[in-house]
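A quick note: this is a predicted structure, and the numbers were derived from the prediction, not measured.
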Amino acid sequence: MVKKLDENSSDGPDHIGIRLWSAYEAWKADFISAMNEAGHGWFTPSRATLLGFVPRGGLRQSELIARMGISKQAVQQLIDGLEAEGVLERVADPDDKRGRIVRHTGKGRAALDDADRIKSEIEARYRQRMGPDRFRLLFETLGEVRRGN
């Protein structure tokens, strides 16, 4: 029995968590590649993650740090890089002059428009590959998993 486990150990476990993670990693790779092809060469996995936490209206930098759950320094480095690329900017919080709001620049909003289009294109490919009924079922099921129902 040990020999059989050892022989298959390179395959790794197969469970719903692995399949969800693998599917997300495949989706993310497609998305990042398409964003780069669309002219956003600055778009990397870590930057994509940060941008996923910045709503279209922006948010306080301290809130972004709390949401991401990584170190303040790591978030600041990512923001610094995206600010240098002209994608994000920090402006004074009108409600608290000590605070900073992180928001998208015009270049950042243009990237969001491309991201929306690319996400729709990826989804359309999935729908075509799976068929509309199976795709709808997957979409609904993932929504239930996310909500904990």
Side-chain angles (χ1 to χ4, degrees), residues 1-91 101-149:
M1 173 136 173
V2 172
K3 184 172 176 27
K4 185 169 179 73
L5 289 174
D6 288 344
E7 288 172 357
N8 294 326
S9 64
S10 64
D11 295 341
D14 186 17
H15 53 76
I16 191 70
I18 291 292
R19 287 183 181 223
L20 289 169
W21 176 79
S22 296
Y24 170 68
E25 288 296 314
W27 181 91
K28 185 170 67 170
D30 285 348
F31 178 58
I32 290 169
S33 175
M35 285 293 287
N36 280 261
E37 289 172 16
H40 307 288
W42 51 265
F43 201 83
T44 65
S46 57
R47 288 175 168 183
T49 299
L50 180 128
L51 289 171
F53 285 95
V54 179
R56 301 215 176 212
L59 79 163
R60 288 182 55 110
Q61 184 171 322
S62 59
E63 177 64 22
L64 179 58
I65 291 165
R67 286 183 182 187
M68 290 195 69
I70 61 176
S71 74
K72 178 180 178 180
Q73 293 79 8
V75 174
Q76 287 177 334
Q77 286 178 350
L78 288 167
I79 295 170
D80 288 347
L82 288 165
E83 197 170 35
E85 294 282 353
V87 176
L88 293 178
E89 64 183 353
R90 294 177 184 127
V91 297
I101 300 289
V102 177
R103 66 182 186 191
H104 301 277
T105 63
K107 182 178 179 178
R109 287 187 298 277
L112 289 175
D113 291 342
D114 282 341
D116 289 343
R117 175 184 52 78
I118 288 166
K119 290 171 189 175
S120 292
E121 290 169 358
I122 293 170
E123 192 170 293
R125 287 195 306 269
Y126 286 7
R127 187 177 290 110
Q128 182 175 6
R129 185 172 35 194
M130 298 174 72
D133 292 338
R134 287 180 61 214
F135 179 83
R136 182 182 43 73
L137 181 60
L138 173 65
F139 193 85
E140 290 171 357
T141 302
L142 290 173
E144 290 173 17
V145 169
R146 186 179 68 194
R147 287 187 302 274
N149 294 339

**Q.** Atom pair CE/CZ of Met68 and Phe53 - distance to nearest 0.5 Å
**A.** 5.5 Å
**Q.** Heavy-atom side-chain proximity of Leu51 to Leu112 below 4.5 angstrom
**A.** no
Q) Hey, does Leu78 have a side-chain heavy atom less than 4.5 Å from the side chain of Thr49? A) no
Q: Nearest 0.5 Å please: distance from the CD atom of Gln77 over to the CD1 atom of Ile70.
A: 9.5 Å
**Q.** Non-hydrogen atoms of Asp80 and Arg90 that approach each other most closely
**A.** OD1-NH2, 2.8 Å
Q.
Under a 3.5 Å distance rule, please check whether Ser120 uses its side chain to pair with a backbone N or O of Asp116 as donor and acceptor.
A. yes
Q. Minimum heavy-atom separation for Pro45 to Ile32, with atom names?
A. CA-CD1, 3.5 Å
Q) Would a 4.5 Å heavy-atom cut-off, applied to side chains only, mark Leu88 and His104 as touching? A) yes
Q) Quick one: does Asp133's side chain get under 4.5 Å of Leu137's, heavy atoms only? A) no
Q | Thr105 side chain to Glu89 backbone, donor-acceptor under 3.5 Å | A | no
(Q) How about CH2 on Trp27, more than 12 heavy atoms from neighbouring residues, nucleotides or ligands closer than 6.0 Å, or not? (A) yes
Q: State, to 0.1 Å, how close Ile118 and Ala38 come at their nearest heavy-atom pair, and which atoms those are.
A: CD1-CB, 4.2 Å
Q.
Measuring only between side-chain heavy atoms, which start at C-beta, is Phe43 closer than 4.5 Å to Val87?
A. no
Q) Taking everything shown except Lys28 itself, do over 12 heavy atoms lie less than 6.0 Å from its NZ? A) yes
Q: Check whether any side-chain heavy atom of Val54 sits under 4.5 Å from a side-chain heavy atom of Leu59, and report yes or no.
A: yes
Q: Among Asp14, Ile18, Leu20, find the one that has a side-chain contact (heavy atoms from CB on, under 4.5 Å) with Ile16.
A: Leu20
Q | Candidate pair Ile79 and Leu64, rule side-chain contact (heavy atoms from CB on, under 4.5 Å), full reasoning | A | CA-CA 10 Å; Ile79 295 170; Leu64 179 58; 3.7 Å; yes
**Q.** Spacing of CD belonging to Glu144 relative to CZ belonging to Phe139, to within rounding of 0.5 Å
**A.** 12.0 Å
**Q.** Spacing of Gln128 atom CD and Phe135 atom CZ [to the nearest 0.5 Å]
**A.** 12.0 Å
Q. Between atom CZ of Arg129 and atom CZ of Arg134, what is the distance when rounded to the nearest 0.5 Å?
A. 10.0 Å
Q: Measure the CZ-CZ distance between Arg109 and Arg103 for me, rounded to the nearest 0.5 Å.
A: 7.5 Å
Q) Salt bridge or not for Arg125 and Glu121, using N-O below 4.0 Å? A) no
Q.
Are the side chains of Lys119 and Ile122 in contact, using a 4.5 Å heavy-atom criterion?
A. no
Q) Does a side-chain heavy-atom distance below 4.5 Å link Gln76 with Gln61? A) yes
